[in-house]
Amino acid sequence: MLFQTPPYTLIDLSRKNDGSQDRAAFAKDVAAGLSQSPKRLSSRYFYDANGSRLFQQIMALPEYYLTRAEFSVIQRHRSAMVSAFAAAGFFHLVDLGAGDAMKTKLLLEELANQKKNFDYVPMDISGAAMRELGDDLQQTYPELHVQAVVAEYITGLKWLKQHLTERKVVLFLGSNLGNFEREEGMDFVRQIRQHLQPGDLFLLGVDLAKDPETILAAYNDPGGVTAAFNLNLLSRINRELGGNFDLEAFSHFALYDPQLGVMKSYLVSRREQEVYMEATGARYAFAAWEAIHTENSHKYTLQQAAEMGNKAGFKLVTSYLDENSGFADMLFEVV
Ligand code: AVI
């Protein structure tokens with residue numbers, strides 16, 4: 001579906017339903033996750049309106065270094081990044097999971113200053129975010145050609161391959177790769193590669209392995225914003241699936257495994273209890289101190305991330321780092 005709103009175009013490839021299919025899939029996943037041992041819930045359900053608002057608050061926390069670090073990477077290296085992107089003339093700048101494009105705007109500004117020849121293709125599952133971004137860019141860069149795509153990653157990548165024939169520079173920023181399991185992350189990078197052509201570029205945001213205390217603090221802030229973000233998953237089940245979770249009876253628990261390089265988040269049941277969910281008509285039993293695993297945030301060494309890119313069919317061009325060498329935007333080229 002195409003909506004012409006000059007000068008930006010909104011391409012909506014999202015699955016159209018009244019929400020009942022999404023609710024049924026959510027209920028099925030929750031029921032499966034709470035019935036297995038150990039229990040788990042997927043972090044992809046964090047991001048309803050409330051969860052997205054809490055994530056915005058997390059990004060502003062002093063302990064959550066990731067967003068500032070990547071911002072600093074782009075600020076320090078934007079001139080070199082833009083020169084690398086535009087070295088072979090016109091390109092499509094594709095922004096996977098663009099959201100409000102807070103960090104990408106630094107690159108857009110630099111591209112505009114250097115008068116580079118490109119167009120911008122933000123992609124996100126949130127239609128509201130893409131409309132807001134389109135309107136916003138229309139004000140700031142009335143000359144910029146923007147095609148905002150509302151789609152899940154793979155649908156968006158397919159559209160890209162079919163509809164955009166010129167050279168592409170794909171951004172996947174924000175350490176979003178870290179929320180995939182290692183194998184899934186590898187598969188995802190491979191999928192990106194399969195939708196690109198030799199000469200295309202891929203800029204990947206990677207939170208690097210560092211002092212475990214620094215990482216742990218980022219996911220365990222004393223003000224409890226991360227705890228509220230994690231617990232919102234239970235509130236969401238209450239709101240959307242008719243659950244009766246008592247939020248006081250669960251607590252957020254986070255731990256970092258420095259050998260595996262993974263930050264793990266849990267919700268721990270503070271007592272023996274049963275929770276009922278209208279959507280399934282079933283009860284789920286919790287022993288005292290039984291935990292639900294809710295999120296993994298994988299950290300990478302530069303070497304691990306480079307290897308992943310190589311295995312997927314990319315060649316590492318360079319790694320742009322922040323001043324503490326704690327976060328990298330790694331530039332790969334399709335070979
Ligand atoms: C979205 N993602 C990269 C965040 C992360 O760091 O794993 C989500 C998050 N979870 C807790 N705090 C932030």
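For ligands, and for the atoms within them, numbers begin at 1 and follow the listed sequence.
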- Could you list all the salt bridge (Lys or Arg N to Asp or Glu O under 4.0 Å) pairs where at least one residue sits in residues 261-272, not counting sequence neighbours?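 For residues 261-272: D246-R271.
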- Task: Scan for salt bridge (Lys or Arg N to Asp or Glu O under 4.0 Å) pairs involving residues 291-309, sequence neighbours excluded, and state none if there are none.
- Result: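 Of all non-adjacent pairs touching residues 291-309, those that pass salt bridge (Lys or Arg N to Asp or Glu O under 4.0 Å) are D207-K299.
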- Set of side-chain contact (heavy atoms from CB on, under 4.5 Å) partners for E166, sequence neighbours left out: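 Applying side-chain contact (heavy atoms from CB on, under 4.5 Å) to E166 gives F90, H92.
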List ligand 1's nitrogen or oxygen atoms that come under 3.5 Å of a protein nitrogen or oxygen, with the partner atom and distance.
{"residue": "ligand 1", "atom": "2 (N)", "partner": "N179", "partner atom": "OD1", "Å": "2.8"}
{"residue": "ligand 1", "atom": "6 (O)", "partner": "Y64", "partner atom": "OH", "Å": "2.5"}
{"residue": "ligand 1", "atom": "6 (O)", "partner": "Y219", "partner atom": "OH", "Å": "2.6"}
{"residue": "ligand 1", "atom": "7 (O)", "partner": "N179", "partner atom": "ND2", "Å": "2.9"}
{"residue": "ligand 1", "atom": "7 (O)", "partner": "S297", "partner atom": "OG", "Å": "2.6"}
{"residue": "ligand 1", "atom": "10 (N)", "partner": "E295", "partner atom": "OE1", "Å": "2.7"}
{"residue": "ligand 1", "atom": "10 (N)", "partner": "E295", "partner atom": "OE2", "Å": "3.2"}

- Item | Sidechain N-carboxylate O distance under 4.0 Å for E109, R78 |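 Salt bridge between E109 and R78, a charged N being under 4.0 Å from a carboxylate O: yes.
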- Item | Crowding at CD, Q36 (>12 non-hydrogen neighbours, <6.0 Å) |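 Counting other residues, nucleotides and ligands, CD of Q36 exceeds 12 neighbours.
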- Consider only side-chain heavy atoms of I, L, V, M, F, W and Y, link residues closer than 4.5 Å, and tell whether I125 and F46 are in one cluster.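 No; tracing contacts between hydrophobic side chains, which count when under 4.5 Å, never links both residues.
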